Student: 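My questions all concern the structure below.
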Amino acid sequence: MIVELQINNSVSPEARFVSWAPSPCRIRVTNPSGPTSPIVNVRITGRSVTGGGAVRFRRNATGPFTNSLTVPVPVSGASVPFFAAGRFGRPSVNNGDVTIEARSGGTLVGSVQVMVRVRKNANTLTPAERDRLVAAFAQLNNQGAGRFTDFRDMHTSVSSPQAHGAPGFLPWHRAYLLDLERELQAIDPSVSLPYWRFDRPAPNIFTPEFFGVSDLLGTVQFSAANPLQFWRTDGVQGINRRPFFNTGTAPPGLRTEAQTLALGNQYPAFRTLEGNPHGSAHTSFGGSISSIHTAARDPLFFLLHCNVDRLWAKWQRQFGRFNPAQVASYDSGPGNPIGHNLPDTMWPWNGITGGSRPPTAPGGAMAASPCAGAPGPQPQVRDSLDYQGSVSAVSRMGFDYDDVPFA
Amino acid sequence: MTKKRKRTKSSKSARKGASAVTRSARGALSVATNARKTVKQRVAAMAEAPTAVYADDASLQAMLGVLRNRDEPVKVRLAALQALQASSFSVVAFESCRGDYIAALRAVAQDPDPELRQRALGLLAREKDGFAQKKLLEGLRDPSKALVPPEKALQLLSYDVHAEAYPLARAIVSKPPNATAKREALRLLGADAASAPLFEKILRDKDEPPEIRQISAAALQALKPQKLQALAREIVLDTSEQDDIQATSLTALTQFGGDKMGADDEALLKRVDRLSGTASTKVKQSARRFLTKYGR
Amino acid sequence: MPSGLSEPQFAALVDALAARPDEREQLTDLLREDHPLYDQRGAATTVRMRGWILLALARVGVSDTALLFVLDELDAGADPYLVAAAARALRSYPSPTAAFAPFVMRAIANIRYRDEPVCLDSYGEYAVASTGTSPVRELFVTLAWLGPHARGALREIEALREQRGRLSSKLLGDLDLALEAVRGAERVDALDTETCCKLPGGLRSMFSWTLGSRRSSEPIEATVFEDHDGAPITFKEFFRGHPSIVVFFYTRCDNPLKCSLTITKLARIHTLLEARGLYDRIQTAAITYDPAFDLPERLRGYGQARGVRLDACHRMLRATEGIAALGRHFRLGVNFIESLVNRHRIEVYILDAEGRIAGSFERIHWDEQQVVDRAVEVLVEKNEEKSEVAPHPPSVRSTVPPMFGTLASLGVAFFPKCPVCWAAYLSVFGIAGLEQIPYAPWLQPVLVAVMLISLTTVWLRARSTGRTGGLYLVGAGALAILASKTAPGWENAAVWGVALTLAGSLLSAVDAENGRPIFLRLRRITTRA
């Protein structure tokens, strides 16, 4: 007997990525030879390489997870659903370092290699993870001719009202990061966007092999083996970034994670993180990242914002703020500008231009993912909240943070 | 409690929370602008003040007053600048402040303190401010009027390809006041298609420092990609070449070479294979990535 | 005009021209982007120069020809100094009109988050204090100048006022003054008839057909392009055989209201062409001003990022040879510092199937639908040539027949057709002595011939515009006149015939594009040529 395992309800290798939030899976018999009964019990387990990811399972959309799951599967070929998720605290390091196996009796009848892919602390990536990330970034940039230009063009002073100074700041940037991450994953699916935890020292980020070392002038230097040496934006090569702090330490004056989470359990208070630590992190440097119009020229920008998003995710988990219908989850006050109300679609993915929106909408619709259907090509502000599918499973967006669990 | 009442209660509580944060920011602003506090206290308070800057005109003027005041300690002024900068990220909320902010930056761009000058000019240059560009270009033409060193001026001018800096950059390449200025001049010229021959010449010149040659390689990849790919191949095959340049060339071939490029080039593959085992770390690294891409 | 002037010399020149009434029109000429004075100037220098010209115009008064540049700056300008200068210059136009209000509001939307203090008093100075003026302030003052003429934008202005904490207290004061002026006590009904579309001087549509014979494309047929895939193609190879829509742009343009928007609109043109089944019959091309830098991969990326479809009939192009001739042929509104663009205008061209320029849109607010409609007209003329229907030369067909048709129709309408009509005219013109002219039956064939000419020209006009109302009226009028002559008891129908013919003629002569008579369009074209 042979069974087929579908991860994220797909047989495609591009879909074989899970995070902490449960991914819908299916199992079905493709070759029924052997069993005599119409239903066969198949035991599903995960097998990890040393240091690799680990997975767990559950039968239904709710309920406890287990390390193994026995599923009655009809030999007729009808598929049976189940859910798989990464085991919190055990993310993958390489693609396919955990195998989901299906056994009937003791016999292996099907297997598929998956990756528990989550967003990690950039300071603790392995060299291989780091190298894959910079290679993907460099390819997306393609010495100024690649799709990265769209992401650069999405974050300018012209477009800024769509994303800053109002409640939509966090949802917009969440969508922005997700779009970029999916484009990176189209180049290398093993890549996820890491975060720069700016309230702690992160010396491994500011190295020639990774995001570069700034000289006294603020010109970032890369190793000769680092493809980011070809980075180019606005037609100009290189990155200007002058830290006002010793990069072996954390920038001073930033709110710590604990202080940020303590801003308040209601969204209007929490979103003041836009000033500090977000704005303060940006202005801990001179150079591109310190001005809104040029910030996205520096790829470090995306790691900075990934941390801001992680703080939001952590706050959401801490206070249960995933449901847009819950008042405390968002700031739906009167007078929110367009693009900042829950039902509003977000520029540029909505393609709306002119009037109170910018004149053009670079980049088109939100990138799709083989691992998750949400948020769809034209996300609304509300779609950004339930990123794990805690309220509604279909809202799951397919990313997680290494230190923010699911439920 | 009815749903509507719950929602109203939550909403009020949310507003209360936000107001508390705003009050805290205002309190911080009050400390930050108080000359009777210590420098340390004021600098720490500045970090909490960004959201208070655009609360009202008085708050903005208080912060700008600190920035402009040459009698204030430089550390406090720098912290004020950083707070204003952080606040400016909220473009919509900062709208009422921007005009005064830009005016203050232009004034501070001519400040006696070099760090304040440099930061203000940097902020303005990133806005493609004509005032800043004019001052930077004047300084390059006449060093007695320079507000920042030439390498810094070139770096800041590179934020706008339309700044008329190319002739000055070329002059500095041929007669550099220092190595860093030459490097920045070349980086700036990396946006100038007419400079492709210069970059080719530099890349071929083994007497040029590796950093300069690397910049030239990156520039050539953008301006004349086919030329760089051919030259990169030559460099990799050249057994007398510097490690850094070999590593850069291999990286260029791996990142930007066509999918089939390396696969059919036996001489290149053989050479890279050797490098993957025997060369320096960075060359080995680049060589292995090349071989991974081309299936060896 | 010497091009190697220093900036102070340039400023002095502008001041001198402004001081001499007979030389003021030269100021407008200096605003052309391709003027040699801007050659090898950086973008910031160009801004200072142009701003100073606008400020000079603000002192001496903006003419209709200069108005175009002022409105262009308000419509798509991104530089605070230029927008401020343009706002001030607009106030020197002889009279405000409601048509200006959308431009002012658009400029406010464009520049509000880039507001900064500007110095408009002396050349090349930058404000380091926040006292003084700014583009938003100048725009508010211009709104106040417009007064009740801006009433169409009142709701927008009030919405601006209602946004709490967004405008500084200084600007709020100016905005309140503007609001007061806009709400003003003047009678509204006279102003209600003004629409936002009635710009003075024929500026409603920036489209113009090419008058006279179209310039042959032979001088540039050998221009070699490389397309977004790196494939070489000459001008002749690509542009001959199909009408084309051509836009100019470059990837390093930092004004999102110009090149980025132009290419985004090109993508919408593709959609419109597809919807009309014309995607394979009308080509498009986006040609870069910056061929040295905009290599094929950049062209492709730029276009695709904006939704442009790329294939054999729709290409992004860079000229690898013959660039200078291309610029001369199109009379491109662009200038350079070395190879980099320092300033350019928005420009879209319609080429006929011979690759000749048939029409162009410049500067303000070109509409994708309009561009497609014009391209379709050129396609139709191409098809007429193919079907051996002798076409009128486009220039004649487009502009002269309506005029001629109007005159002929008016002639038919008013020419006395019978002794009774003669008597009627005699009673009207008795004092003038026309009673001396006898009724002459030989005039009747002349009348018939004039009537037929009138019908034919009105019919042609209806074909080219798609609007048949005038034709039906003139036809009915002709029938009525004929009936009055031939059918007993229908004698009074002649009066109706005259009325219908006159009404039909006038209706046909009105350019339904913009609701203005065709003769006004002729005046603008003549001015441009």
Side-chain angles (χ1 to χ4, degrees), chain A residues 131 135 138-139 142-145 157 160-161 164-166 215 217-219 221 223-227 229-230 232 234-238 240 244 252-254 263-272 274-276 278-280 282-284 286-288 290-294 326-328 331 333 337, chain B residues 7 10-11 13-15 17-18 20-21 25 43-44 46-48 50-51 82 85-94 118-119 122-123 126-127 151-152 155 158-159 161 180 183-184 187-188 190-191 210 214-215 218-219 221-222 243-245 247-248 251-252 254-256 282-283 285-286 289:
Chain A
D131 290 349
Q139 199 166 327
N142 192 16
Q143 20 101 44
S157 45
S160 173
H164 300 87
D215 66 7
L217 198 63
T219 299
Q221 312 285 331
S223 152
N226 189 335
Q229 66 186 292
F230 296 99
R232 183 178 279 256
D234 293 4
V236 178
Q237 72 185 66
N240 294 341
F244 297 143
L254 267 58
L263 278 171
N265 64 357
Q266 313 274 325
Y267 188 86
F270 180 71
R271 76 174 181 89
T272 59
E274 188 177 355
N276 186 348
H278 159 259
S280 302
H282 272 282
T283 56
S284 298
S288 298
S290 67
S291 293
I292 202 161
H293 184 67
T294 53
Q326 189 187 27
V327 169
D331 184 355
Chain B
R7 218 176 292 135
S10 290
S11 186
S13 151
R15 308 247 164 271
V21 175
V43 167
M46 287 285 184
E48 296 297 323
T51 46
Q82 196 169 345
Q85 211 184 326
S87 158
S88 73
F89 270 77
S90 300
V91 166
V92 170
F94 198 71
Q118 184 175 296
R119 290 210 202 176
L123 284 164
R126 286 188 285 281
E127 299 284 333
E151 56 272 18
K152 192 65 188 176
Q155 186 196 59
S158 74
Y159 281 114
V161 292
T180 311
R183 183 195 74 192
E184 291 304 314
R187 231 168 44 88
L188 192 150
Q214 279 175 284
I215 287 172
Q221 175 63 46
D243 276 356
D244 276 347
I245 305 307
T248 293
T251 305
T254 310
Q255 280 293 131
F256 308 115
K282 55 185 105 163
V283 175
Q285 234 177 349
S286 322
R289 284 188 208 135

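Every chain is numbered from 1, with letters handed out A, B, ... down the list of sequences. This is a predicted model, so every value here is computed, not measured.
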Student: Sort B:F94 into side chain, backbone, both or neither according to what part of it lies under 4.5 angstrom from a heavy atom of chain A.
Tutor: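 Neither part; nothing is under 4.5 Å.
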Student: Need one label for A:A166: side chain, backbone, both or neither, based on atoms under 4.5 Å from any heavy atom in chain B.
Tutor: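 For A:A166, there is no contact with chain B at all, as no heavy atom is under 4.5 Å.
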Student: Does B:S158 have any side chain to side chain contact (heavy atoms under 4.5 Å, CB included) partners at least two apart in sequence or in another chain, and if so, which?
Tutor: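 Once residues adjacent in sequence are excluded, the partners of B:S158 under the side chain to side chain contact (heavy atoms under 4.5 Å, CB included) criterion are A:V236, A:N240, B:R187, B:L188.
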Student: Flag the one option from A:R271, A:H164, A:H282, A:Q326 with the top tally of heavy-atom pairs under 4.5 Å to chain B.
Tutor: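 Most heavy-atom pairs within the cutoff with chain B belong to A:H282.
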Student: Going by the rule side chain to side chain contact (heavy atoms under 4.5 Å, CB included), which residues pair with A:T283 if we only count those two or more places apart in sequence or in a different chain?
Tutor: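 With sequence neighbours excluded, A:T283 shows a side chain to side chain contact (heavy atoms under 4.5 Å, CB included) to B:Q82, B:Q85, B:A86, B:F89, given in chain and number order.
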Student: Highest number of heavy-atom pairs under 4.5 Å with chain B: which of A:T294, A:I292, A:N276, A:L217?
Tutor: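 That would be A:L217.
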Student: So which heavy atom on B:A218 is nearest to which on A:Q237, and how close?
Tutor: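 Smallest heavy-atom distance, with atoms named: CB-NE2, 3.5 Å.
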Student: Do A:P227 and B:F256 come close enough that some side-chain heavy atom pair is under 4.5 Å?
Tutor: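 A:P227 does not reach B:F256 side chain to side chain.
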Student: When you measure from the side chain of B:T251 to the backbone N and O of A:A224, does any donor-acceptor pair fall under 3.5 Å?
Tutor: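 Yes: the side chain of B:T251 pairs with the backbone of A:A224.
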Student: Could you tell me which portion of A:A145 (side chain, backbone, both or neither) has an atom closer than 4.5 angstrom to a non-hydrogen atom of chain B?
Tutor: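 Nothing of A:A145, per the 4.5 Å heavy-atom cut-off to chain B.
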Student: Is it the side chain or the backbone of B:A44 that comes within 4.5 Å of chain A heavy atoms, both, or neither?
Tutor: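 Neither the backbone nor the side chain of B:A44 comes within 4.5 Å of chain A.
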Student: Any donor-acceptor pair under 3.5 Å linking the side chain of A:R232 with the backbone of B:G190?
Tutor: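 At least one qualifying donor-acceptor pair exists.
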Student: If you round to the nearest 0.5 Å, how far is CZ of B:R183 from CG of A:D215?
Tutor: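 The distance works out to 4.0 Å.
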Student: Between B:Q255 and chain A, which part of the residue has a heavy atom less than 4.5 Å away: side chain, backbone, both or neither?
Tutor: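 Only the side chain of B:Q255 comes within 4.5 Å of chain A.
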Student: Which bit of A:N226 comes within less than 4.5 Å of chain B, counting heavy atoms only: side chain, backbone, both or neither?
Tutor: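 Contact with chain B: backbone only.
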Student: Please report the closest heavy-atom contact between B:R126 and A:S291, naming both atoms and the distance.
Tutor: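 The pair with the smallest heavy-atom distance is NE-OG, 2.8 Å.
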Student: Is it true that a side-chain atom of A:Q229 and a backbone atom of B:T248 form a donor plus acceptor pair closer than 3.5 Å?
Tutor: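 Between the backbone of B:T248 and the side chain of A:Q229 there is no qualifying donor-acceptor contact (under 3.5 Å).
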Student: Using a cut-off of under 4.5 Å on heavy-atom pairs, state which of B:I215, B:V161, B:L123, B:V43 scores highest against chain A.
Tutor: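 Ranked by contacts with chain A, first place is B:I215.
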Student: Looking at B:E48, B:E151, B:R289, B:R119, which makes the most heavy-atom pairs under 4.5 Å with chain A?
Tutor: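 Result: the option with the highest number of such pairs is B:R119.
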Student: I need the residue from B:S90, B:A191, B:S286 with the largest number of non-hydrogen atom pairs under 4.5 Å to chain A.
Tutor: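 Most heavy-atom pairs within the cutoff with chain A belong to B:S90.
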Student: Who among B:E127, B:Q118, B:M46 has the most heavy-atom pairs with chain A under 4.5 Å?
Tutor: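 Of B:E127, B:Q118, B:M46, B:Q118 has the most heavy-atom pairs under 4.5 Å with chain A.
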Student: Just verifying a value: how many Å separate B:S88 OG and A:H293 NE2, rounded to the nearest 0.5 Å?
Tutor: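 Going from the OG atom of B:S88 to the NE2 atom of A:H293 covers 13.0 Å.
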Student: Indicate the atoms forming the closest heavy-atom contact of A:A225 with B:Q285, along with that distance.
Tutor: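 Shortest heavy-atom separation between A:A225 and B:Q285 comes out as CB-OE1, 3.7 Å.
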